[in-house]
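Single-structure report; data block below.
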Amino acid sequence: MTARILDGKALAASLRAALKATADGLAQRGLQPGLAAVLVGDDAASQVYVRNKIRACDETGVRSELHRFAADAPERAVLERIASLNADPKVHGILVQLPLPKQVNSERALAAVAAQKDVDGFGAENLGALLAGRPGFVPCTPAGVMRLLEHAGVPLAGRHAVIVGRSTIVGKPMALLLLQKDATVTICHSKTARLADLTRQADILVAAAGRPRMIGAQMVKPGACVIDVGINRLADGTLAGDVDFSPVRDIAGWITPVPGGVGPMTVAMLIENTVRAAAKSVAARA
Ligand code: NDP
């Protein structure tokens, strides 16, 4: 069997086209959606991610602004800027690019973003809403994975989903979203014993560990849907996912490539959340 490719690049492009129509409609009513990105320091990967997000804003009619701070910027300066963005009616979404340098506490910075502008969905209010099954902003990477699964018609109810990784921004919200769709979910992490025994049981396998090519073909059940969230920069400068793509493609039923799978969907979900935040702000004013 050769797996069907879940083409995140193509799906994200069609989502962006639809979002542009919505954003243009809002702009005609005097409310162009606006996203503010806060970038502290000069981490190379973070700069690339922020650049991609700003480019996606440009393509979708979303106004963007970049708030850059030096690597040694004090936490107070970052928190004050977030407070002023919270109060700015032209800004509907705020993203704080992670990781932050150590003098800026990530939890405090994320908590400082107003819940109605927390388009990354990392604040306690939106994460709590996800846990409780209430509407809110869902973290963009797992939200993008769900869209890919839905678009491809991958069956979820009653299936066993195994997630490798338990971070607050990927693994845990991914588990909650799959649970909402009636999958039976197992979450694995670095202390999990006999990892391969678990991954081999997965109908849906989500790799989000940040370990290049750690999921080999011997860890995958034939016909499974394999979602590769990992983005790892190798010593030679190339990118690799957490899945050993070529051999796994030969036995899986569906697979996401890296790049071109989950990454573009993450960015599309950020734009979608920003457009939604702008639309909600109109509703709140009406
Ligand atoms: P974190 O480092 O926060 O979390 C990694 C998780 O993987 C942890 O729970 C860790 O376990 C677990 N883990 C690490 N090594 C192993 C192992 N050998 N076996 C089992 N579990 C392991 O990473 P993130 O969740 O932020 O990101 C994960 C990956 O996804 C990274 O490559 C990142 O670059 C990528 N990413 C991609 C995005 C996209 O848009 N495609 C967006 C966000 C992230 P423990 O908790 O025990 O330490």
Side-chain angles (χ1 to χ4, degrees), residues 6-9 11-12 15-16 37 43-56 95-100 102 106-107 110 119-122 127 137-149 161-178 185-202 205-216 218-220 226-235 237-245 255-273:
L6 297 173
D7 186 345
K9 196 173 168 193
L11 181 57
L15 288 172
R16 284 199 307 271
D43 178 73
S46 293
Q47 294 190 45
V48 173
Y49 295 146
V50 167
R51 205 183 311 134
N52 288 343
K53 290 168 187 176
I54 285 177
R55 191 186 307 136
L95 82 87
V96 179
Q97 186 63 43
L98 300 176
L100 291 166
K102 57 183 179 312
S106 307
E107 272 183 40
L110 295 177
V119 286
D120 262 336
F122 293 164
L127 287 172
F137 292 119
V138 173
C140 300
T141 299
V145 170
M146 294 308 289
R147 285 296 177 83
L148 270 175
L149 293 171
V162 176
I163 300 162
V164 185
R166 58 174 164 181
S167 72
T168 307
I169 64 172
V170 185
K172 284 183 198 165
M174 189 75 253
L176 291 168
L177 290 169
L178 287 163
V185 180
T186 300
I187 306 175
C188 305
H189 47 79
S190 66
K191 309 290 186 298
T192 296
R194 293 185 299 280
L195 179 67
D197 289 351
L198 293 165
T199 59
R200 265 196 301 270
Q201 293 174 31
L205 176 59
V206 181
R211 299 279 178 266
R213 300 184 185 132
M214 71 171 281
I215 304 291
Q218 77 292 353
M219 296 174 79
V220 174
V226 180
I227 302 289
D228 191 353
V229 176
I231 302 178
N232 308 290
R233 177 85 48 195
L234 304 180
T238 57
L239 283 186
D242 285 1
V243 175
D244 198 3
F245 183 81
I255 190 168
T256 60
V258 176
V262 176
M265 292 300 294
T266 298
V267 179
M269 292 298 98
L270 177 72
I271 302 296
E272 182 173 288
N273 282 349

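Whatever order the structure lists them in is the order used to number ligands and atoms, beginning at 1. Keep in mind the model is a prediction, meaning the values are calculated, not measured. We use all heavy atoms of the structure for the numbers below, so side chains are in, but hydrogens, waters and symmetry mates are not.
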Note to self: Check whether Thr256 reaches the backbone of Asp228 with its side chain - one donor and one acceptor, N or O, closer than 3.5 Å.
What the structure shows: yes
Notebook entry, point to check: Side chains of Ile231 and Tyr49: closer than 4.5 Å at any heavy-atom pair?
Noted result: yes
Margin query: In the structure I gave you, are the side-chain heavy atoms of Leu178 and Met146 within less than 4.5 Å of one another anywhere?
Written below: yes
Notebook entry, point to check: Who passes side chain to side chain donor-acceptor pair (under 3.5 Å) against Lys172, sequence neighbours left out?
Noted result: none
Notebook entry, point to check: With respect to Val164, which candidate in Val206, Leu205, Thr186, Asp242 satisfies the side chain to side chain contact (heavy atoms under 4.5 Å, CB included) definition?
Noted result: Leu205
Notebook entry, point to check: What distance do Leu98 atom CG and Phe122 atom CZ have between them, rounded to the nearest 0.5 Å?
Noted result: 6.0 Å
Extract all N/O-N/O pairs under 3.5 Å that connect ligand 1 to the protein, and present each with both atom names and the distance rounded to 0.1 Å.
unit_1, atom_1, unit_2, atom_2, d
ligand 1, 9 (O), Arg166, N, 2.8
ligand 1, 11 (O), Ser190, N, 3.2
ligand 1, 15 (N), Arg211, NE, 3.2
ligand 1, 21 (N), His189, O, 3.4
ligand 1, 21 (N), Ser190, N, 3.3
ligand 1, 25 (O), Ser167, OG, 2.5
ligand 1, 32 (O), Ile231, N, 3.1
ligand 1, 32 (O), Ile231, O, 3.4
ligand 1, 34 (O), Ile231, O, 3.3
ligand 1, 40 (O), Thr266, OG1, 2.8
ligand 1, 41 (N), Val229, O, 3.3
ligand 1, 46 (O), Arg166, NE, 2.7
ligand 1, 47 (O), Arg166, NE, 3.4
ligand 1, 47 (O), Arg166, NH2, 2.8
ligand 1, 47 (O), Ser190, N, 3.1
ligand 1, 47 (O), Ser190, OG, 2.6

